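Notes to accompany the following structure.
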Amino acid sequence: LCIMRARNKEKARIQNITYLNTEKGFLISKWGDIHKRIRRIQQRKQGKLQDLKNDLTREEFFELWEEHKIKYGWKCYYTGKPFIIGRKLAIKGAKKRHSAPPDLLSVDRFDSDVGYTKNNIVFCRWDFNDRKNSVSVADCMIILRKHYERNKREDRRMYSTGGMVW
């Protein structure tokens, strides 16, 4: 009986990974990840995300995915590089999960100052989302403004007086 249970457990693990390697299975998993994150943050009652509007429905999520595929195909919203879906079978007894491949599909909040809403999520590559982290659109505007100011100067030095600006 124990041997049968072990076999059935292993068979279920393999079936689960097979399902997660389908488009539908992977996206349902991503949808679940979003909601786990929102619940975890709301339970802790800390951080800016708890006060943000998170009203994305499952139907809207899948509509957005279909729209993304029509407009961008299986490519990152930001970079235009292709992404993949899929999960690896966990190694029994391993202390750590497999690290995400850089080209894995990820769901990003375009503006980190806004929650998970229909107008604020995009589908991108994991490596870009990881680099972007929680940079807001306002932060990007500041960086771009400073970049343009710097490149307008003839000497193109970071600080015209040579030291830190306080």
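Remember, it's a predicted structure, so these values are computed and weren't measured experimentally.
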Would you call the rings of His68 and Trp65 parallel, tilted or perpendicular, taking 30° and 60° as the class edges? parallel
Verify same cluster id: [X], [Y] (apolar side-chain graph, 4.5 Å):
X      : Y      : answer
Val122 : Val137 : yes
Ile28  : Phe26  : yes
Phe110 : Phe123 : no

[atom1]-[atom2] distance between [X] and [Y], expressed to the nearest 0.5 angstrom:
X      : Y      : atom1 : atom2 : result
Ser106 : Asp130 : OG    : CG    : 8.5 Å
Glu59  : Glu63  : CD    : CD    : 7.5 Å
Phe83  : Leu104 : CZ    : CG    : 9.5 Å
Asp33  : Arg37  : CG    : CZ    : 10.5 Å
Gln15  : Asn8   : CD    : CG    : 9.5 Å
Asp111 : Arg109 : CG    : CZ    : 8.5 Å

Do Leu105 and Leu27 pass the side chain to side chain contact (heavy atoms under 4.5 Å, CB included) test, and can you show the C-alpha distance, the side-chain angles, and the key distance before you say yes or no? CA-CA 9 Å; Leu105 169 65; Leu27 286 166; 3.9 Å; yes
Give a yes or no on whether the backbone of [Y] and the side-chain of [X] come within a donor-acceptor separation of less than 3.5 Å.
X      : Y     : value
Ser29  : Gly25 : no
Asn16  : Ala12 : no
Asp103 : Ile84 : no
Lys118 : Thr57 : no

Option passing ring-ring contact (aromatic ring centres under 6.0 Å, His included) with Trp31 (candidates Tyr116, Phe62, Phe61): Phe61
Closest approach of [X] and [Y], non-hydrogen atoms and distance?
X      : Y      : answer
Val114 : Thr117 : CG1-OG1, 4.2 Å
Asn21  : Gly86  : OD1-CA, 2.7 Å
Arg125 : Cys76  : N-SG, 3.5 Å

Residues forming a ring pair (Phe, Tyr, Trp, His ring centres under 6.0 Å) with Trp126, sequence neighbours excluded: none
Less than 4.5 Å apart, side chain to side chain, heavy atoms only: is that true for Leu64 and Leu56?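 Contact flag for Leu64/Leu56 side chains = yes.
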Carefully, step by step, assess Cys140 and Val135 under the rule side chain to side chain contact (heavy atoms under 4.5 Å, CB included). CA-CA 7 Å; Cys140 291; Val135 174; 3.7 Å; yes
Side chains of Asp108 and Tyr77 only: does a donor on one sit below 3.5 Å from an acceptor on the other? no
Does a side chain donor of either Asp139 or Ser136 reach within less than 3.5 Å of an acceptor in the other side chain? yes
With a cut-off of 6.0 Å (strictly less than), are more than 12 heavy atoms of other residues, nucleotides or ligands near NZ of Lys30?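 Enclosed: over 12 neighbouring heavy atoms sit under 6.0 Å from NZ of Lys30.
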Pair Glu66 + Lys69, salt bridge at N-O below 4.0 Å: yes
Checking ring-ring contact (aromatic ring centres under 6.0 Å, His included) for the pair Tyr72/Tyr78: CA distance, chi angles, key distance, verdict? CA-CA 10 Å; Tyr72 304 102; Tyr78 297 112; 9.8 Å; no
